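Below, read A as the first sequence line, B as the second, and so on, with proteins coming before strands; counting in each chain starts at 1. Since the model is a prediction, treat every value here as computed from it, not as a measurement.
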4 protein chains.
Amino acid sequence: MASKAFYAVIAGVGAGTGRSVALRFAQAYPVALLARKPESYNDIVAEIQKAGGQAIGISTDTADPESVKSAFEIIRKEFPEKKLAAAVYNVGAGFAVKPFLELQAEDLSASLASNAGGLFNFAQATLPGLLDSVEDAPYPPTLIVTGATASVRGSNRFATFAAGKFAVRALSQSLAREFGPRGVHVAHTIIDGVIDIPRTKSYNVNEGKADGKISPNAIADNYWYLHTQHRSSFTQELDLRPYVEKF
Amino acid sequence: MASKAFYAVIAGVGAGTGRSVALRFAQAYPVALLARKPESYNDIVAEIQKAGGQAIGISTDTADPESVKSAFEIIRKEFPEKKLAAAVYNVGAGFAVKPFLELQAEDLSASLASNAGGLFNFAQATLPGLLDSVEDAPYPPTLIVTGATASVRGSNRFATFAAGKFAVRALSQSLAREFGPRGVHVAHTIIDGVIDIPRTKSYNVNEGKADGKISPNAIADNYWYLHTQHRSSFTQELDLRPYVEKF
Amino acid sequence: MASKAFYAVIAGVGAGTGRSVALRFAQAYPVALLARKPESYNDIVAEIQKAGGQAIGISTDTADPESVKSAFEIIRKEFPEKKLAAAVYNVGAGFAVKPFLELQAEDLSASLASNAGGLFNFAQATLPGLLDSVEDAPYPPTLIVTGATASVRGSNRFATFAAGKFAVRALSQSLAREFGPRGVHVAHTIIDGVIDIPRTKSYNVNEGKADGKISPNAIADNYWYLHTQHRSSFTQELDLRPYVEKF
Amino acid sequence: MASKAFYAVIAGVGAGTGRSVALRFAQAYPVALLARKPESYNDIVAEIQKAGGQAIGISTDTADPESVKSAFEIIRKEFPEKKLAAAVYNVGAGFAVKPFLELQAEDLSASLASNAGGLFNFAQATLPGLLDSVEDAPYPPTLIVTGATASVRGSNRFATFAAGKFAVRALSQSLAREFGPRGVHVAHTIIDGVIDIPRTKSYNVNEGKADGKISPNAIADNYWYLHTQHRSSFTQELDLRPYVEKF
């Protein structure tokens with residue numbers, strides 16, 4: 001079911017999950033892609049347009065409330081009349097892996113701001129639109145939030161990163177409990193493994209076995225599936241890991 | 001992707017989830033349906049056959065190892081040459097809700113036998129076949145196990161039922177960790193709400209709101225989705241609840 | 001606060017945790033010690049008596065309801081007039097670590113019977129007495145249940161053992177929710193490490209570091225602490241692990 | 001075991017848990033009490049001194065790294081030669097209960113700063129001292145962190161508060177995994193109920209039943225107990241709730 005009357009917005013596009021999610025949702029909706037720098041979205045916008053889809057890219061720092069507000073003003077201008085069907089928060093900055101006493105206060109604040117702060121701003125900007133689409137959207141309006149192993153486990157040397165990811169999970173749960181009964185599906189995912197993207201090409205994980213890294217296209221399929229779930233059976237938290245991953 | 005070279009087996013069919021799952025998987029595979037009594041599967045078998053599918057029903061007590069062995073001997077005769085693509089354990093007996101001191105030892109043993117014992121027998125009977133299909137099945141061979149709220153929460157007055165469901169979850173996790181790396185997808189679901197079936201017609205849940213009970217067809221769609229997940233991104237545990245459910 | 005008007009009962013005494021718990025609670029109460037064989041409790045009974053305490057040992061198979069009933073008849077004869085202050089379920093049989101397809105149905109039923117079945121019987125036998133002591137016992141009457149890593153994690157090759165331990169945890173939660181509000185403290189512990197007992201002497205864990213195995217006396221201190229918690233702040237689940245344990 | 005060669009520091013003292021914890025630890029050690037305003041610690045300092053103990057109060061904003069550094073400079077001057085035995089982080093600001101769309105970005109940043117930021121600063125200031133005491137302290141040096149129901153559950157209308165509390169839990173887990181093996185006990189508590197303090201006097205919880213609110217003295221006893229646990233059996237997370245609390 002594709003619709004031109006609705007759009008999707010994806011925050012945190014780049015070479016990995018965000019790109020795949022953008023391409024997947026663009027098969028059904030015009031998409032607005034947010035990233036801090038144009039080089040993160042330019043190619044994806046072009047790729048979608050080439051395939052006959054509709055896409056815009058907007059340079060946005062989701063950690064900055066003003067930047068997010070400004071992005072959505074642009075979206076409203078670019079997509080007049082369109083209503084919001086789906087919003088994906090896939091921003092993953094603030095990654096620092098260090099002994100605790102070597103971490104700086106800035107490591108913590110960066111992780112909290114980019115993870116929790118960014119989701120907060122993004123959710124405040126998208127939830128009114130998602131609520132507004134409950135009656136007539138093709139699927140239950142959906143907010144999907146990308147999490148990680150560090151969302152449920154504070155590992156040694158991951159203190160600040162886990163703090164940000166735990167906080168994101170808290171927000172997601174709270175939003176699910178508040179907005180679910182109003183018809184908006186809020187889902188949080190636990191990506192429990194290394195994603196197969198250019199940056200991780202050299203990583204040797206799971207003994208180099210085939211499909212030992214998570215395919216970003218597979219993640220995108222899962223996100224699309226979450227979006228299309230019937231409202232009588234919403235999933236709140238989805239774990240995803242390679243078949244060979246230890247857990 | 002439909003295949004006549006593979007079959008699916010569903011244990012615990014009846015008027016609810018099992019029926020919907022059977023119909024869903026029958027769109028792709030011949031199916032073997034197990035239930036204790038013919039009246040639980042006869043109509044479903046007929047419905048599938050009428051729609052052009054292939055189905056057999058076998059009276060089976062999954063809590064009894066001999067009964068399970070006998071069922072799979074029949075399957076091998078009825079489906080010679082076919083390999084196993086998916087197995088669903090949906091047996092849900094042993095339900096007793098009582099103050100603890102009114103429960104009998106039999107309430108516990110019935111819950112443990114039908115839930116954990118049945119899954120144990122079913123998994124022992126199906127895992128060799130699932131392993132054997134890893135190389136050539138249309139999707140990663142899959143064992144899906146139905147759980148409930150009581151799988152993760154021992155509520156007041158649910159002692160014996162929760163004991164059975166917790167045990168099922170333990171088995172599912174252990175199987176996922178052992179057989180995942182060998183290519184078999186083992187998933188456990190948390191059905192967190194009342195399913196909309198004939199038996200629950202009169203239940204007033206979630207203030208009678210539309211879709212306040214879980215659609216068994218939606219559960220079936222979710223199970224099919226789990227079956228088709230790419231092996232680089234298996235879900236181990238899937239929670240499903242109505243948008244209006246408190247949790 | 002020691003009392004001769006109350007007694008404690010410990011099921012599953014032997015060379016390890018049970019012995020230490022027995023000695024610890026015997027400092028405050030007469031104790032009844034249950035084990036399958038006299039050689040498991042004889043020395044402990046003697047040790048307690050030598051130290052001026054009061055102890056009886058009763059050969060009991062907690063997995064057998066009749067055996068448990070008979071044990072408590074003996075207790076009532078041996079400890080006439082005494083009321084029950086604390087009950088500890090520390091039975092840990094059913095341990096099998098094998099690939100799933102090598103496990104037998106008997107491995108599962110043994111684990112379920114000794115873990116969940118035994119706790120069921122023990123709880124049914126002790127909760128009436130614990131309830132009866134709420135008004136006048138020196139501390140809130142307490143039922144403590146020993147769990148393990150396998151209570152919260154179904155590891156590869158631990159299928160049947162985890163099933164039994166998960167089921168025990170379910171029962172414990174349900175009992176805590178039912179009997180807590182009536183004044184009985186039900187606590188479940190997660191012993192997450194190897195206990196330092198004769199049987200594990202040769203185990204090389206945590207690189208052989210000092211205190212890398214859990215001291216059974218330390219467990220006993222923790223159990224006594226749980227027993228003495230104020231009823232405004234009960235702990236339901238207590239994890240215990242060596243400082244050097246990976247988790 | 002009391003020692004004048006070691007001291008304890010408690011951040012977040014006031015009329016409730018912090019006061020009780022301060023009084024409890026002051027029975028064994030000189031204590032440094034941190035709070036934003038002198039009126040939060042003055043009476044406690046006086047009470048401890050009157051009882052023959054040793055205490056200092058320092059106005060500190062734990063959310064501010066400079067303020068924390070300055071506080072520990074004062075401590076080193078006031079307690080020259082003393083080593084750190086225990087540190088308790090009990091700061092609980094950032095509480096806002098509102099529909100998500102009424103929350104401001106400041107509500108989130110206040111919760112993250114006071115909860116996670118404060119713990120980060122406090123842990124960086126205390127862990128070197130705790131490590132330094134491992135060899136000769138009377139008990140394993142301990143960092144205890146106060147959590148709440150919102151540490152493990154993102155409830156409706158608690159989005160920003162839960163974000164802060166989840167983040168604190170992440171930090172605590174990560175610190176436990178890093179510093180446990182080096183001999184420092186890091187424990188996180190889940191205070192699951194209303195604490196019985198002046199501010200909650202009028203709250204009607206648990207139907208007004210006796211001990212239906214958590215006694216701050218009982219919390220203090222639990223904290224002291226955590227501090228004294230043997231290093232072969234550390235508890236990482238301790239839940240505490242009134243016997244009548246629903247959970």
Side-chain angles (χ1 to χ4, degrees), chain A residues 17 20 134 140-142 152 173 176-196 205-207 209-226 228-247, chain B residues 17 20 134 140-142 152 173 176-196 205-207 209-226 228-247:
Chain A
T17 308
S20 293
V134 167
T142 309
V152 288
Q173 283 186 9
R177 291 188 166 104
E178 181 172 351
F179 294 94
R182 300 175 69 185
V184 175
H185 184 185
V186 180
H188 178 254
T189 64
I190 307 282
I191 309 292
D192 186 23
V194 171
I195 305 176
D196 189 12
V205 292
N206 290 319
E207 301 157 27
K209 283 181 187 148
D211 297 321
K213 295 176 194 166
I214 307 179
S215 153
N217 288 340
I219 296 177
D221 286 341
N222 278 290
Y223 281 26
W224 180 255
Y225 183 72
L226 286 172
T228 63
Q229 279 185 318
H230 187 251
R231 69 174 177 168
S232 83
S233 62
F234 280 166
T235 292
Q236 208 285 303
E237 192 156 85
L238 189 79
D239 59 293
L240 294 172
R241 70 178 60 75
Y243 68 113
V244 285
E245 188 79 18
K246 286 240 163 50
F247 72 102
Chain B
T17 306
S20 293
V134 166
T142 309
V152 288
Q173 283 186 10
R177 291 187 167 106
E178 180 172 350
F179 293 94
R182 300 175 68 185
V184 175
H185 183 186
V186 180
H188 178 253
T189 64
I190 307 283
I191 309 292
D192 187 23
V194 170
I195 305 176
D196 190 11
V205 292
N206 290 318
E207 301 158 28
K209 281 180 187 149
D211 297 324
K213 294 176 195 165
I214 307 178
S215 153
N217 288 339
I219 295 177
D221 286 341
N222 278 289
Y223 281 27
W224 180 255
Y225 183 72
L226 286 171
T228 64
Q229 280 185 316
H230 187 251
R231 69 175 177 167
S232 83
S233 63
F234 280 166
T235 292
Q236 208 285 304
E237 191 156 86
L238 189 79
D239 60 292
L240 294 173
R241 68 178 62 74
Y243 69 114
V244 286
E245 189 77 20
K246 286 238 164 50
F247 71 102

Backbone N/O of [Y] and side chain of [X]: donor-acceptor pair under 3.5 Å:
X: Arg177(A); Y: Lys246(B); value: no
X: Thr189(A); Y: Ala187(A); value: no
X: Ser215(B); Y: Ser232(A); value: no

Choice from [options] maximising heavy atom contacts with chain A below 4.5 Å:
options: Asp239(B), Asn217(B), Thr235(B); answer: Asp239(B)
options: Val244(B), Ile191(B), Ile214(B); answer: Ile214(B)
options: Arg182(B), His185(B), Gln236(B); answer: Gln236(B)

Legend entry - Contact origin within Lys213(A) toward chain B - heavy atom pairs under 4.5 Å: backbone
Legend entry - Partner chain B: residue of Thr228(A), Leu238(A), Asn222(A) with the largest heavy-atom pair count (under 4.5 Å):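 Most heavy-atom pairs within the cutoff with chain B belong to Asn222(A).
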Inset, instruction - Go through His230(A), Arg231(A), Gln173(A) and name the one with the most non-hydrogen pairs under 4.5 angstrom from chain B. - result: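 Ranked by contacts with chain B, first place is Arg231(A).
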Legend entry - Nearest-0.5 Å distance that lies between atom OH in Tyr225(A) and atom CG in Asp221(A):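 Between Tyr225(A) OH and Asp221(A) CG, I get 12.5 Å after rounding to 0.5 Å.
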Legend entry - Minimum-distance pair of heavy atoms, taken over all atoms of Phe234(A) and Pro140(A):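 Looks like CZ-CB, 3.6 Å.
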Legend entry - Heavy-atom closest contact (Pro181(B) atom, Ala176(B) atom, distance): CD-O, 3.9 Å
Inset, instruction - Answer with side chain, backbone, both or neither: which region of Glu245(B) has an atom nearer than 4.5 Å to a non-hydrogen atom of chain A? - result: neither
